[in-house]
Amino acid sequence: MPAPDPTDFLPELEWRNLLKDVTDREGLSEHFSTGRRRIYSGFDPTADSLTIGNLVPIMMLAHAKRAGHDAVVLMGGGTGLIGDPSGKSAERQLQTSETVERHVAAQKPIFQSVLGQVDGPAHTIVNNADWLTKLSYIEVLRDVGKHFSVNVMMQKDSVKSRLQDREQGISYTEFSYMILQAYDFLHLYRDAGVTVQFGGSDQYGNIVAGTDLIRRDAFTRHDEAETYGFTAPLITKADGGKFGKTESGAVWLTADRTSPYAYYQFWLNCSDEDVKNFLRVFTFMTKDEIETLEAEHAKAPGKREAQRTLARAATTILHGEAEMLQAEAAGKALFSGDIASLNETTLREVLGEVPSSEHSKASLEGADLIDLLIETGLATSKREAREFIANGSVSINGAKAEEGRTMRSADLLHGSVIALRRGKKAWHVTRWA
RNA sequence: GGGCGAGUACCCAAGUGGCCAACGGGGGCAGACUGUAAAUCUGCUGGCAUAGCCUUCGGGGGUUCGAAUCCCUCCUCGCCCA
């Protein structure tokens, strides 16, 4: 497809509440509106997946792409060997290079699936291990280190707090992290013509270190170089809770850790106060579309159209439309409790979201529901199991279970499964063979 | 080393010989209501063979018909003195 004419997308980031610090706001607008630029953001391979917080910079890369610029994903295969002290109160455990490589490989598909769906120039993915591991120490000290003032580096918040804390010092290794990240920018500038870096607001210091290094490096060769940096604000929740956490832990961007169903549910369950902001940050909906939706939502908040739209859009962006539709169907079936009418294929997909256990068919007929509730972990004692049944909170295949209920082979759906539910959300599938 | 005080169920905390499986609050779970929400209301919150039995009040031992409650001892924590 033809790439659109490059435009300044900073105003768009602004109304989406995605812009915090900018090194030179006017200069950068000018920069974006006068040509196709290369813009990058870095990602730490601290785990074999990324969390929903990392989605913010990915969305920003997508906006850059949509505005006709070249999005570059920098994977920290090299810096990940060191560890960024930003936002960390304690020295990090060093990771082996095998681990870091594995993490990089596992994270890559996330960028592919989000950015791959976005119109615009093709994005590129680079790994700073490719150049950082080739650097010699002497070279770094002479060419890069000379441009850094230790006095300034010590002023950086993440370093300062660690210097003042007697319990937790900072190693030379982590202290040097900033230099490596700055060098990344220099390398990408020289090698690939990248002129803009952005990241989370905790990255501002590292980003500025990069633009400074590039300027100084150019100056030593009697040249000039103008590069830019900006940051996105931290995503917050109206109730003050930490964004991206659920009872069952962090929300991840890969299906092996957070299923599309769970991901959809996460967005669907967000509060009325948060949904407005999230629609701006985590979807590509236009300002008009969002405002129209908000007006509708205000009329009938109980319908939660805003949350549903957000969940659909966000799940589609990450996992694609097919997965989104399945997640939505699963949610519908599980919350209505109406699963007995589903066909076998749909049922298997829906119940894939739910914990399960294997049982022997021989023991099915006449088995006590109370015992089964304990075996499946839906109840922790017989007393509790009886209580749940008496309260009417247990259902078998979506039908409320009455007291004294025993299991029978007629309960089997499609000859092999029985779905138990306690309360509204606790499901368990028993498979009988 | 000496003196005082405290240790109760997931957490806080009442109980100071039988009416104690142990008040109350928090948290949790469930039900009603609802928007898969918030607020509110209700129930449950040691186990089981459930109108009864078993195990629990820092550990062990003792007194007693009977102890979380009294005595001895040990352990842990807090405060004060050295």
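Chain letters run A, B, ... following the sequence lines, proteins first and then strands; every chain starts at 1.
- Counting only Watson-Crick or G-U wobble pairs whose defining distances are both under 3.5 Å, the stems of 3 or more consecutive pairs in RNA chain B are B:1-7 with B:75-81, B:10-12 with B:24-26, B:27-32 with B:40-45, B:46-48 with B:52-54, B:58-62 with B:70-74.
- Applying side-chain contact (heavy atoms from CB on, under 4.5 Å) to A:Leu413 and the options A:Asn397, A:Leu342, A:Ile418, A:Val429 leaves one that passes, A:Asn397.
- Atom OG1 of A:Thr79 sits about 6.5 Å away from atom CG of A:Leu74, to the nearest 0.5 Å.
- A salt bridge links A:Arg280 with A:Glu294; the closest basic N to acidic carboxylate O contact falls under 4.0 Å.
- What separates CG of A:Asp371 from C1' of B:C48 is a distance of 13 Å, to the nearest Å.
- Checking B:A49, B:G47, B:U36 against every side-chain atom of A:Ser381, the shortest atom distance belongs to B:G47.
- Across all non-hydrogen atoms, the minimal contact from A:Asn127 to A:Met75 is OD1-O, 3.2 Å.
- Counting only residues at least two apart or in different chains, side chain to side chain donor-acceptor pair (under 3.5 Å) contacts with residues 250-262 of chain A comprise A:Asp48-A:Arg257, A:Ser49-A:Thr254, A:Thr254-A:Asp256, A:Ser259-A:Glu353.
- Atom CG of A:Asn269 and atom C1' of B:G35 are 10 Å apart (whole Å).
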Walk me through whether A:Gln181 and A:Gln203 qualify under side-chain hydrogen bond (donor to acceptor under 3.5 Å, both in side chains). CA-CA 10 Å; A:Gln181 186 166 334; A:Gln203 290 298 312; 3.0 Å; yes

Would you list the protein and nucleotides 30-32 of chain B atom pairs, both N or O, that sit under 3.5 Å from each other?
from, atom 1, to, atom 2, distance (Å)
B:A30, OP1, A:Arg422, NH2, 3.1
B:A30, O2', A:Asn391, ND2, 3.3
B:A30, O2', A:Ser393, OG, 3.2

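- The side chain of A:Arg383 contributes no N or O atom lying less than 4.0 Å from OP1 or OP2 of B:C48.
- The distance from atom CG of A:Asp274 to atom P of B:A37 is 16 Å, rounded to the nearest whole Å.
- Other residues, nucleotides and ligands contribute at most 12 non-hydrogen atoms within 6.0 Å of the CZ atom of A:Arg312.
- Between the side chain of A:Glu384 and the base of B:U45 there is no donor-acceptor pair of N/O atoms closer than 3.5 Å.
- Taking a cutoff of 4.0 Å between a charged side-chain nitrogen and a carboxylate oxygen, A:Glu328 and A:Lys332 do not qualify as a salt bridge.
- Sorted by first and then second residue, the side chain to side chain donor-acceptor pair (under 3.5 Å) pairs involving residues 109-118 of chain A (not counting sequence neighbours) are A:Gln112-A:His123.
- The stretch residues 40-85 of chain A participates, sequence neighbours left out, in these ring pair (Phe, Tyr, Trp, His ring centres under 6.0 Å) pairs: A:Phe9-A:His69, A:Phe32-A:His69, A:Tyr40-A:Phe185, A:Phe43-A:Phe111, A:His63-A:Phe284.
- A salt bridge links A:Arg36 and A:Asp70; the closest N-O separation between the charged side-chain nitrogens and carboxylate oxygens is under 4.0 Å.
- Of the residues in residues 301-313 of chain A, those placing a heavy atom less than 4.0 Å from an atom of RNA chain B are A:Pro301, A:Gly302, A:Arg304, A:Gln307, in numerical order.
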